[in-house]
Every structure is written in C-alpha cells, then in structure tokens.
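First listed ligand is number 1; within each ligand, the first listed atom is number 1. Keep in mind that this is a model prediction, so the values were computed, not measured. Computed over heavy atoms, backbone and side chain alike; hydrogens, waters and symmetry mates excluded.
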Amino acid sequence: MASLCVFLGLVTLSHAYENVALNKPAYQLHPYNTEEQYDASNGVDGLKTNFSNFGGQCVLSANNKYTATWWVNLTSIYNIYNITIFYRTDNVPWQPTNGYRARFLGFSLYVSNTTDRLDGKLCFKDTNFNLTTIPPIFNTTCLLRGQYVIYYNERKGVGENPIGYDPYAFNELCEVEVFG
Ligand SMILES: *[C@@H]1O[C@H](CO)[C@@H](O)[C@H](O)[C@H]1NC(C)=O
Ligand SMILES: *[C@@H]1O[C@H](CO)[C@@H](O)[C@H](O)[C@H]1NC(C)=O
Ligand SMILES: *[C@@H]1O[C@H](CO)[C@@H](O)[C@H](O)[C@H]1NC(C)=O
Ligand SMILES: *[C@@H]1O[C@H](CO)[C@@H](O)[C@H](O)[C@H]1NC(C)=O
Ligand SMILES: *[C@@H]1O[C@H](CO)[C@@H](O)[C@H](O)[C@H]1NC(C)=O
Ligand SMILES: *[C@@H]1O[C@H](CO)[C@@H](O)[C@H](O)[C@H]1NC(C)=O
C-alpha cells in the first residue's frame, strides 16, 4: 500500500507544471550593449525583485529599433501551459504616465521549434491593451508544443503607430516564465 502511494505521488509530481524556461539559453536580436546587466539571460534568471534597468535582472534592447525579438531555448520540446511576463517598470508606480507601458503595447508571443517566429505558432498578440489597461505582469494560457518561446514587438516609427504606442520597439523583459 505504501509503495502504491509513493508510486501515485511520483506520477502526480511528474505531471506537475514547472517553469521550463528557468536558466535556459536566451538571446535577443538588438542588445542594448554587451554588458551582462542587460543581457538576454536576465529574462530567465529567476530574479524578479528589481524591475529597474540598473538592477541587473532585466533584458534591455537597443534604442531606435523598429523590431524587438527575444527568445528562450527550452532545449527540448515541451507542452506549454501558460506564460507570465514581468515587464520593466523601473520600480516606479505602473500608472499611465509610466513610459514603459507605451513600449510593452502591441507585443506578441510565439512558440516555435526554430528560432524563427514565423516557423512557429502565435500564442498571444496584443491588440486590445492601451496605456490604461496594460498590466506590468502579464499572464496568458498558451497550450502549444515547441522548443522556443519568442517575444516579438514591432513599430513603424514616429506618428505611424496606434495611439499610445512608443515609436520604437523594445525588449524590456525582467522575467519570462514558461510553465510546461
Ligand atoms: C501557470 O501555471 C502554473 C502551473 O499550473 C501555476 O502555478 C500558475 O499559477 C499559472 N499562472 C497563472 C498566472 O495562472
Ligand atoms: C534596484 O537595483 C538598483 C541598482 O543596484 C538599486 O539602486 C535599487 O535600489 C534597486 N531597487 C530595488 C527595488 O531593489
Ligand atoms: C537549443 O538547445 C539545444 C539543446 O541544448 C541545442 O542543441 C540547440 O543548438 C540550441 N539552439 C540554438 C539556436 O542555440
Ligand atoms: C514542434 O514539433 C513537435 C514534434 O514534431 C510538434 O508536435 C509541434 O506541434 C511543433 N510545434 C510547432 C509550434 O510547430
Ligand atoms: C482603454 O481601454 C479601456 C477598455 O477597453 C477603455 O475603457 C479606455 O477608454 C481605453 N483608454 C484609452 C486611453 O484609450
Ligand atoms: C499574473 O499573475 C501574477 C501571479 O503570478 C499576478 O501577480 C498578476 O497580477 C497577474 N496579472 C494579471 C494581469 O492578472
């Protein structure tokens, strides 16, 4: 009986979801610079206590770009269940005047088996949030199977984007959790 209980316990555990992105290899297309403080790996370092660019826990991409791409390599194919993004706030209140809201708007999440989002499937694309409604911690259920989770945003330049959007595209990701 005891061994049956242990067996059932193990079966339950082996089906529990965990953050399969934690400490996995990560990459971004246009890094802010080469300093570790802003590295793509900060998005999966498990640290989410300091949401400032100086805290060394967030990914930062370069200024004045029209596309922003970041991905994590889960290193094998997983059944994904949900994804949480902790966005940069600079540790100041997340009010409509917080400039990072304008950068977050319009983002997409893809799950792919390659580093190319276009080879994969769209998990989420923001078309509804605005400066008032976008949250600093975003959650979505995403029942897809794949090896790479890709964050993507794009902009068309000054005056060419929906109201409230920053003119440029950024990765400002403090943590991306992928439960699978
Ligand atoms: C995502 O799934 C995990 C595992 O089931 C759960 O612990 C977590 O609360 C979920 N996240 C959200 C935001 O629902
Ligand atoms: C975040 O890190 C910066 C740089 O180390 C520090 O000045 C600031 O106090 C930290 N903020 C929080 C909320 O931990
Ligand atoms: C992703 O991880 C796998 C397993 O470690 C590795 O074989 C593959 O080359 C990695 N992909 C990239 C693009 O680095
Ligand atoms: C990735 O490959 C697996 C195994 O072939 C497949 O089941 C899955 O649908 C693929 N995922 C995507 C996003 O194409
Ligand atoms: C943002 O969206 C909400 C809900 O759809 C709406 O009530 C609000 O007026 C919008 N705010 C702006 C600034 O567009
Ligand atoms: C997402 O989930 C986290 C807990 O993991 C929670 O703190 C946050 O408020 C949630 N965000 C939204 C928009 O519900």
Of V149, I150, L118, the residue whose pairing with S112 passes side-chain contact (heavy atoms from CB on, under 4.5 Å): I150
Using a strict 4.0 Å cut-off to heavy atoms of T115, name the atoms of ligand 3 that fall inside it. 13 (C)
Taking it one step at a time, do F124 and F107 satisfy side-chain contact (heavy atoms from CB on, under 4.5 Å)? CA-CA 8 Å; F124 181 85; F107 69 97; 3.7 Å; yes
With W71 as partner, the option from Y151, Y152, Y148 fulfilling side-chain contact (heavy atoms from CB on, under 4.5 Å) is Y148
CD-CZ distance between E177 and F86, expressed to the nearest 0.5 angstrom: 4.5 Å
Are a donor atom and an acceptor atom from the side chains of N139 and T84 found within less than 3.5 Å of each other? yes
Which residue in the set N153, I85, D126 passes side-chain contact (heavy atoms from CB on, under 4.5 Å) when paired with F104? I85
Counting from 1, what ligand 6 atoms have a heavy atom of N139 closer than 4.0 Å? 1 (C), 2 (O), 3 (C), 8 (C), 10 (C), 11 (N), 12 (C), 14 (O)
Any pair counted as side chain to side chain donor-acceptor pair (under 3.5 Å), so long as it reaches residues 89-99, sequence neighbours left out: N50-N91, R88-D90, D90-Y100
Taking atom CZ as the centre, does F138 end up with more than 12 heavy-atom neighbours from other residues, nucleotides or ligands that are less than 6.0 angstrom away? yes
Within the structure, does I137 bring an N/O atom to less than 3.5 angstrom of an N/O atom in ligand 6? yes
Short list, please: which atoms of ligand 6 are under 4.0 Å from a heavy atom of P135? 13 (C)
Under a 4.0 Å heavy-atom cut-off, which residues neighbour ligand 4? I77, V111, N113, K121, R145
side-chain contact (heavy atoms from CB on, under 4.5 Å) between F170 and L60, intermediate numbers included: CA-CA 7 Å; F170 292 88; L60 248 76; over 6 Å; no
Against ligand 6, does T84 come closer than 4.0 Å with any heavy atom? no
Heavy-atom contacts with N73 under 4.0 Å: which atoms of ligand 3 show up? List them by number with element. 1 (C), 2 (O), 3 (C), 8 (C), 10 (C), 11 (N), 12 (C), 14 (O)
